[in-house]
There are 2 protein chains.
Amino acid sequence: MENRTQTSLIALRRILRATELNARTLARATGLTTPQLIVLEIVAAATRLTPKDIAARAGVGQATATALVDKLEARGLVTRTRGEKDRRVVWVAPTEAGLEMLKAAPDPLQRTFSKQFEALPDWEQAMVVAALEKVGAMLNAGTIDASPLLDVGAVDRK
Amino acid sequence: MENRTQTSLIALRRILRATELNARTLARATGLTTPQLIVLEIVAAATRLTPKDIAARAGVGQATATALVDKLEARGLVTRTRGEKDRRVVWVAPTEAGLEMLKAAPDPLQRTFSKQFEALPDWEQAMVVAALEKVGAMLNAGTIDASPLLDVGAVDRK
DNA sequence: AAATTTCATTCGCTAATCAAATCATATTTT
DNA sequence: AAAATATGATTTGATTAGCGAATGAAATTT
């Protein structure tokens, strides 16, 4: 019974796999790619923000954010407006069409999850929440102090 | 309790985020990109297999698998050999250097997770396993759970 | 022997991503 | 005020990933 670690790792992978597949399906359904959809969600959630903010929230570079906004703008899902007070900034906002798109194609994975989660008995909901938070904490603990470990480095450095 | 759904979704996102960051860090440490590393892991776990197998296990097209093997071969991490019996097939196998690379830079996320998981009291291990499996099942309920595709190397291979 | 299937690879194309350079507009210093 | 510096967005140039269709080579089937 020692490979519970294995079992949990497999379960984790299955979760990752499911979300990955979901992203692709969703992308195909909306005609948008995953990164584009993420940006659209970010924009819609904030009602108005700059490319720099988008980059920070999406975890990509500014150049990439600009490129993604280009795509969305070309599709009429977001608009760009020069800042009045500071003309260097650009405000990106969702259009009606953009909001519609999100409403029409809500994240099916989230939907499925929510629906099933809410159907669980109370004790099981509590268990799932506790376990997920535990796992999240464990993984994040790793990322933070794993830096030295990661620099096993020079493996391929020149 | 509407809130618990939210909480669990947030926890899930945190887990996804952690794994994503991990992939990037790891890629940087090894000098390989994430897909390349995945392929290398698959190859190393199987000791010898065809591009077709790789494609199936990595969940990408055959053409993409070929391209990734190209990169790894150019770096001297894997070798290609024509099949003796059936000359259409190509056997891809890890080189010493390839195995070294994986040994030198093992997946830190898995490491951290395993370590912390094993430190948990028995009841909590059981809870985490149960919850992760539950979540996996819930997420997969929506999609068609392609079992062969789940066969992603290292972790779940003997 | 001819047709079909099966693999791997190549080709053309799109998308994501980054770093560095560029351009326009503040803000700060001298 | 003029010059220097800083900031924000974009452009440019490059690499990587990925797909589908076409190609080529080697079985296998008819």
Side-chain angles (χ1 to χ4, degrees), chain A residues 20-21 23-43 46 48-75 77-93 156 158, chain B residues 20-21 23-28 30-43 46 48-75 77-93 149:
Chain A
E20 192 184 306
L21 286 177
R24 289 191 198 176
T25 309
L26 183 59
R28 220 173 295 137
T30 58
L32 296 173
T33 64
T34 310
Q36 286 170 21
L37 194 68
I38 288 171
V39 168
L40 182 55
E41 276 170 355
I42 289 173
V43 172
R48 186 185 98 149
L49 74 176
T50 69
K52 187 175 192 172
D53 291 334
I54 295 173
R57 297 193 195 183
V60 300
Q62 229 172 16
T64 305
T66 291
L68 293 172
V69 169
D70 281 348
K71 302 282 173 62
L72 295 176
E73 192 185 23
R75 265 198 162 78
L77 301 175
V78 303
T79 59
R80 268 192 249 240
T81 328
R82 276 277 158 202
E84 285 286 308
K85 208 185 69 186
D86 185 339
R87 319 258 290 202
R88 286 172 308 182
V89 310
V90 164
W91 295 109
V92 181
D156 196 36
K158 40 173 289 183
Chain B
E20 191 185 306
L21 288 178
R24 291 192 196 176
T25 311
L26 182 58
R28 222 177 307 130
T30 59
L32 297 172
T33 63
T34 309
Q36 287 171 20
L37 193 68
I38 288 172
V39 169
L40 182 55
E41 275 171 357
I42 289 171
V43 172
R48 188 184 95 150
L49 74 176
T50 69
K52 185 176 195 171
D53 292 333
I54 295 173
R57 297 191 192 186
V60 300
Q62 229 172 19
T64 304
T66 292
L68 292 171
V69 170
D70 281 348
K71 301 283 172 62
L72 294 176
E73 193 184 23
R75 263 198 162 78
L77 301 174
V78 304
T79 60
R80 267 192 250 240
T81 328
R82 275 278 158 202
E84 284 286 307
K85 208 185 70 187
D86 184 339
R87 317 259 288 202
R88 286 172 309 180
V89 309
V90 164
W91 294 109
V92 181
L149 289 185

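Residue numbers start from 1 in every chain, and the chains themselves are labelled A, B, ... in the order their sequence lines are given, proteins ahead of strands.
- Rounded to an integer number of Å, the gap from CZ of B:R82 to P of C:dT9 is 6 Å.
- Under a cut-off of 6.0 angstrom, the local environment of CZ in A:R87 is sparse, with at most 12 non-hydrogen atoms contributed by other residues, nucleotides or ligands.
- Minimum heavy-atom separation, A:I42 to A:I54: CD1-O, 4.4 Å.
- Between A:L68 atom CG and C:dA15 atom C1' the separation is 9 Å, expressed in whole Å.
- Minimum heavy-atom separation, B:V43 to B:A93: CG1-C, 3.8 Å.
- To the nearest angstrom, C1' of C:dA15 lies 15 Å from CG of A:L37.
- Taking all atoms of both residues into account, the shortest heavy-atom contact from B:G31 to B:R75 is O-NH2, 3.2 Å.
- In this structure, CG of B:D86 is placed 12 Å from C1' of C:dT5, rounded to the nearest angstrom.
- If you measure from atom CZ of B:R88 to atom C1' of C:dT4, you get 11 Å, rounded to the nearest angstrom.
- Judged by distance alone, with hydrogens and angles left aside, A:R87 brings no side-chain donor or acceptor close enough to the base of C:dT25 to form a pair under 3.5 Å.
- Listed nucleotides C:dA8, D:dG8, D:dT10 differ in distance to B:V90; the shortest reach to its side chain belongs to C:dA8.
- Each of C:dT9, D:dG8, C:dA15 was ranked by its minimum atom distance to the side chain of A:K52; first place goes to D:dG8.
- OP1 or OP2 of C:dC18 sits under 4.0 Å from a side-chain N or O of A:T64.
- Residue B:T50 has a polar side-chain atom (N or O) positioned under 4.0 Å from OP1 or OP2 of C:dA8.
- Distances from the side chain of A:P35 to the nucleotides C:dT9, C:dT17, D:dG8 place C:dT17 closest.
- A straight line from CG of A:D53 to P of D:dG8 spans 9 Å, rounded to a whole angstrom.
- When rounded to the nearest whole Å, the span between CD1 of A:I54 and C1' of D:dA9 equals 12 Å.
- Computed from coordinates, the B:Q36 CD to D:dT16 C1' distance equals 8 Å when rounded to whole Å.
- The two atoms that bring A:L72 and A:L40 nearest to each other are CD1-N, 3.9 Å, heavy atoms only.
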